[in-house]
Amino acid sequence: MTPPTPAAAWTLAAAALVPALVLGYVLLQAPGATSPGAGFAACVLVGTTALLAWAFRRRRVVFDGEVLAVTAALFRRRVARDAIDLPRARVVDLAEHTELRPRWKAFGMGLPGYRAGWYFLAGRARGFCLVTDTRGVLWLPLRDGGALLLSLERPQALLDALRGPAG
């Protein structure tokens, strides 16, 4: 898997840090008073931050010879090899193929340089995405009209395995 960009990591860190600073400020304004609401807010903040950090690191693509299984953050997608339109599949640069870019989030997680889950693509098709780098993205069109977009370290190797003999 291609790791997420530093911008995505910094955005996630800022998303956790800003609420923590606000909570700390509120607690410092009333040093003698203890509020069960503040304790609950702190627990929710820590839990949410831990969940987002775990989801951000959860990325996996596995092909067992018949089924391609993609895990992206909190989302999973399993696609049979027969459901993929392999003659049209290719490795693309999303800067050149703007119609394939993830545009509108349907049910996913998005940060700068990181898209995971279900998105509507610029060309209005629906796609399951695990995109961490827009260069060298494996585009796998599905026979039902959808698509998979995957950022991999070696996208051509997976495409060759998908096109190889069934096994």
Side-chain angles (χ1 to χ4, degrees), residues 1-19 47-167:
M1 299 299 325
T2 303
T5 64
W10 282 108
T11 302
L12 181 63
L17 185 61
V18 169
T48 302
T49 302
L51 177 68
L52 288 175
W54 169 78
F56 184 70
R57 296 175 44 96
R58 188 172 182 243
R59 303 178 313 273
R60 183 176 25 197
V61 177
V62 177
F63 178 59
D64 68 6
E66 290 301 322
V67 174
L68 179 65
V70 181
T71 303
L74 303 172
F75 316 99
R76 292 181 8 179
R77 177 86 160 118
R78 294 174 52 86
V79 178
R81 177 204 306 242
D82 297 339
I84 302 171
D85 188 359
L86 289 171
R88 292 180 45 219
R90 63 186 187 271
V91 178
V92 298
D93 182 343
L94 295 180
E96 296 173 10
H97 296 274
T98 57
E99 74 279 4
L100 300 176
R101 282 186 186 170
R103 290 287 181 182
W104 301 281
K105 191 179 345 171
F107 186 58
M109 181 176 172
L111 297 169
Y114 182 79
R115 302 281 185 270
W118 289 101
Y119 280 78
F120 289 101
L121 308 182
R124 301 286 186 188
R126 188 171 175 176
F128 187 83
C129 302
L130 177 52
V131 177
T132 57
D133 186 357
T134 60
R135 298 163 300 179
V137 173
L138 180 57
W139 173 62
L140 299 171
L142 303 178
R143 297 189 192 282
D144 67 3
L148 293 175
L149 287 173
L150 306 173
S151 292
L152 304 169
E153 288 183 17
R154 298 178 312 149
Q156 190 62 47
L158 177 58
L159 185 55
D160 292 342
L162 287 165
R163 288 179 173 160

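Remember, it's a predicted structure, so these values are computed and weren't measured experimentally.
When each of Val92, Val137, Leu150, Val91 is paired with Pro155, the side chain to side chain contact (heavy atoms under 4.5 Å, CB included) condition holds for Val91 and for no other.
At distances below 3.5 Å, not a single donor-acceptor pair connects side-chain atoms of Arg115 with backbone N or O atoms of Gly108.
The CG atom of Leu152 sits 8.5 Å away from the OG1 atom of Thr132 when rounded to the nearest 0.5 Å. Annotation: the span from Leu74 atom CG to Arg58 atom CZ amounts to 7.0 Å, rounded to 0.5 Å. Distance CZ/Arg81 to CZ/Phe63: 4.0 Å, rounded to 0.5 Å. If you take CG on Asp93 and OG1 on Thr98, they are separated by 11.0 Å, rounding to the nearest 0.5 Å. Between the CZ atom in Arg90 and the CD atom in Gln156 there is a gap of 12.0 Å [rounded to 0.5 Å]. Remark: Leu159 CG to Leu140 CG distance equals 7.0 Å, nearest 0.5 Å.
Inter-residue side-chain proximity for Leu149 and Leu138 is flagged as unmet; no heavy-atom pair is nearer than 4.5 Å.
Sequence neighbours left out, not one pair with a member in residues 70-79 passes side-chain hydrogen bond (donor to acceptor under 3.5 Å, both in side chains).
Taking both residues in full, the closest heavy atoms of Tyr114 and Ala73 are given as OH-CB, 3.6 Å, listed atom of the first, atom of the second, then distance. Of all non-hydrogen atoms in Met109 and Phe75, the two that sit nearest each other are N-CE1, 3.8 Å. When all heavy atoms are compared, the tightest approach of Cys129 to Ala72 is O-CB, 4.0 Å. Nearest heavy-atom pair, Asp144 versus Gly146, reported as atom, atom and distance to 0.1 Å: OD1-N, 3.0 Å. Here the closest non-hydrogen pair linking Phe128 and Val70 is CE2-CG1, 3.7 Å.
The salt bridge (charged side-chain N to carboxylate O under 4.0 Å, His left out) search around Arg126 returns none, not counting sequence neighbours. Partners of Arg135 under the salt bridge (charged side-chain N to carboxylate O under 4.0 Å, His left out) rule, at least two apart in sequence or in another chain, are Asp133.
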